Amino acid sequence: MPQYNPPLRDMQFVMHEVLKVTDEFKALPKHADVDADTINAVLEEAGKFAAEVTFPLNISGDTEGCKLDQATHEVTPPKGFKEAYAKYVEGGWAALSCDPEYGGQGLPFVVNQCVYEMLNSANQAWTMYPGLSHGAYEALHAHGTDAQKKLYLPKLVSGEWTGTMCLTEPHCGTDLGLLRTKAEPQADGTYKLTGNKIFISAGEHDMTENILHLVLARLPDAPQGSKGISLFLVPKFNVGEDGAIGSRNGIYCGSLEHKMGIHGNATAQIVLEGAVGTMVGAPNKGLAAMFVMMNAARLGVGNQSLGLTEVAYQNALAYAKDRIQMRSLSGVKAKDKPADPIIVHPDVRKMLLTAKAYAEGGRALAIYCTMLLDKELHHPDEKVRKDAGEIVALLTPIVKAFLTDNGHIATNACMQVFGGHGFIKEWGMEQFVRDNRINMIYEGTNTIQSLDLLGRKVLGNNGATLKKFGKIIGALIAEEGVNEKMAEFINPLAYLADQMTKFTTELGFKGFQNPDEVGAAAVDYLRVAGHLVFGYFWARMAQTALREIAAADSQGKPADPFYLAKVQTARFYFAKLFPETATLMRTARSGSKALMDTDAALA
Ligand SMILES: Cc1cc2nc3c(=O)[nH]c(=O)nc-3n(C[C@H](O)[C@H](O)[C@H](O)COP(=O)(O)OP(=O)(O)OC[C@H]3O[C@@H](n4cnc5c(N)ncnc54)[C@H](O)[C@@H]3O)c2cc1C
């Protein structure tokens with residue numbers, strides 16, 4: 001059976017020692033009083049909830065899956081999910097970073113980020129029920145009318161009701177402009193929706209008394225394509241003006257998908273038969289309103305893989321110390337045993353360190369992004385808010401795609417550490433691999449994220465936001481450029497930062513002549529950008545750790561092993577993972593011809 005220990009120490013390191021989030025919060029009137037002790041206490045309790053309440057349901061939920069009653073269209077999630085959710089609501093976890101005006105606790109997003117990382121480590125399938133609700137809360141909070149907010153937000157904030165996002169239809173996934181679900185205006189100002197949605201996560205269940213579906217649909221006179229999409233709130237049960245639950249609405253689960261992973265989450269085909277809904281945001285501007293939820297979800301999906309990377313690493317590490325096979329190439333290490341533990345073998349270490357470097361780098365990036373979200377929302381200076389928003393927008397496709405691709409690499413590596421036992425269900429490792437796989441697909445596939453990054457976020461504004469982030473990296477390079485102890489981290493980072501400008505300009509120029517050049521290079525480009533960002537955070541983490549080691553040294557004290565581990569992992573990252581950027585830049589530069597001039601090969 002797998003184990004999970006919430007990585008509280010590492011979260012504290014990133015938040016309080018590297019990013020110094022509470023110092024940053026002092027500038028935000030809403031969070032000026034939030035201190036480190038409060039954050040740590042909340043995370044400690046959240047860690048207990050994840051480890052003790054939802055983690056024990058991870059394997060059983062995967063084995064059991066969800067059940068649909070065809071007669072009633074009701075879905076029963078795996079045993080224990082409903083009770084765990086009730087505890088989540090009772091503990092006030094759903095309200096953590098929500099607006100106090102609607103019953104929220106108003107804590108910074110940074111706290112929510114860490115809570116969700118732990119919940120994802122413990123049980124991704126279960127965590128998607130509250131996770132999607134939070135996205136629905138954000139979309140409604142940003143674009144709902146006052147009446148909608150008053151009626152629905154308190155229930156989403158408390159967690160009494162959950163939310164979904166209904167975009168995908170059988171013939172339309174990436175290209176939402178193709179969607180056909182219709183919304184007919186009614187005399188009373190509501191709309192009647194008819195159509196079919198597929199793949200709707202947490203789409204039906206009995207964990208709450210109501211479900212609020214956010215549905216994309218077309219008005220009768222809507223323009224073709226993505227300019228004619230509106231967003232509607234369609235509750236499972238109609239809700240009276242007084243908030244009381246009324247009749248069953250015409251939206252139900254037609255069937256459940258049978259899938260590779262996240263079995264405990266109900267992936268529903270949703271049928272709308274004249275379902276009553278109200279519009280969210282302006283007519284034909286539904287995608288803009290839905291993007292609030294999609295952006296939150298993209299960061300959330302990166303966080304799912306971060307959670308899986310962490311839990312897979314913890315279990316692989318414990319196994320590698322325990323499992324004995326063969327002797328070390330450099331001589332016997334465990335004389336009292338018939339063989340050495342596999343952790344002595346260089347390649348086993350490489351697999352473990354890969355997962356550790358991706359987990360800890362991902363954590364630093366994810367916490368940084370949510371700190372920027374807090375700034376974007378609450379900083380009194382408009383320029384700071386704008387800059388923060390632009391950088392989050394730039395980093396969002398990187399969080400989504402780089403963290404989920406890394407999760408794929410890391411969970412596979414950790415499964416490999418177990419040899420054949422990793423492939424066997426009882427160890428839980430193959431489930432981490434299966435559960436992670438969807439993260440690279442939904443919320444816009446990772447290819448679509450890379451097009452968003454290179455096409456829209458970088459070339460779309462002539463590299464202006466990339467330059468802003470480049471300045472942040474430049475400041476670190478200037479600060480540490482002469483520090484010999486930092487050279488092994490700063491030199492490769494400075495080299496890549498310098499190359500990045502030329503590389504981007506080159507791709508932009510080629511893309512201007514032939515747009516397929518952008519499509520051909522985008523996935524490689526995102527991975528290079530991901531390493532640039534990770535390189536920055538690993539250098540900052542090494543900087544903090546080296547300072548602590550030097551401080552202990554100057555006092556004649558032994559260094560805290562936590563900091564030694566950080567420096568060693570940074571060294572591993574820059575020596576073994578970061579250099580793939582050279583290959584990626586080369587393949588990106590090789591252009592589109594080898595892909596597009598292949599009609600005979602693909603005939
Ligand atoms: C378990 C699960 C849960 C989901 N949950 C939800 C949910 O809650 N709500 C919801 O609305 N949807 C949900 N989805 C749907 C998911 O978001 C889509 O599957 C995804 O966006 C891809 O759409 P598609 O499957 O139609 O693939 P397609 O759009 O058909 O894409 C097929 C392939 O073509 C590639 N491709 C498409 N266009 C381009 C392009 N322009 N350039 C390069 N490559 C391209 C894609 O990257 C992909 O590899 C879920 C899906 C699954 C499997």
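Note that this is a predicted model, so its numbers are computed, not measured. Note that ligands are numbered from 1 as they come in the structure, with each ligand's atoms numbered from 1 the same way.
Here the two rings, on Tyr137 and His134, have centers that are under 6.0 Å apart. Within the 6.0 Å centre-distance limit, the rings of Tyr88 and Tyr85 are counted as a close aromatic pair.
Between Lys425 and Asp62 there is a salt bridge, since at least one side-chain N of the basic residue sits less than 4.0 Å from a carboxylate O of the acidic one.
Between Phe49 and Trp93, the ring planes are tilted. Angles from 30° to 60° get that label.
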Between the protein and ligand 1, are there any N or O atom pairs that come within less than 3.5 Å of each other, and if so, what are their names and distances?
unit_1   : atom_1 : unit_2 : atom_2 : d
ligand 1 : 5 (N)  : Phe199 : O      : 2.7
ligand 1 : 5 (N)  : Ser201 : OG     : 2.7
ligand 1 : 8 (O)  : Ser201 : N      : 2.9
ligand 1 : 8 (O)  : Ser201 : OG     : 3.3
ligand 1 : 9 (N)  : Met165 : O      : 2.8
ligand 1 : 11 (O) : Leu167 : N      : 2.8
ligand 1 : 11 (O) : Thr168 : N      : 2.9
ligand 1 : 11 (O) : Thr168 : OG1    : 3.1
ligand 1 : 12 (N) : Thr168 : OG1    : 2.7
ligand 1 : 14 (N) : Phe199 : O      : 3.4
ligand 1 : 29 (O) : Thr174 : N      : 2.9
ligand 1 : 29 (O) : Thr174 : OG1    : 2.5
ligand 1 : 47 (O) : Thr445 : OG1    : 2.7

Return a table of donor-acceptor pairs under 3.5 angstrom between the side chains of residues 595-603 and protein atoms on other chains or two or more places apart.
unit_1 : atom_1 : unit_2 : atom_2 : d
Asp597 : OD2    : Lys593 : NZ     : 2.7
Thr598 : OG1    : Leu595 : O      : 2.5

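With 3.5 Å as the limit, one finds a donor-acceptor pair spanning the side chains of Tyr252 and Glu273.
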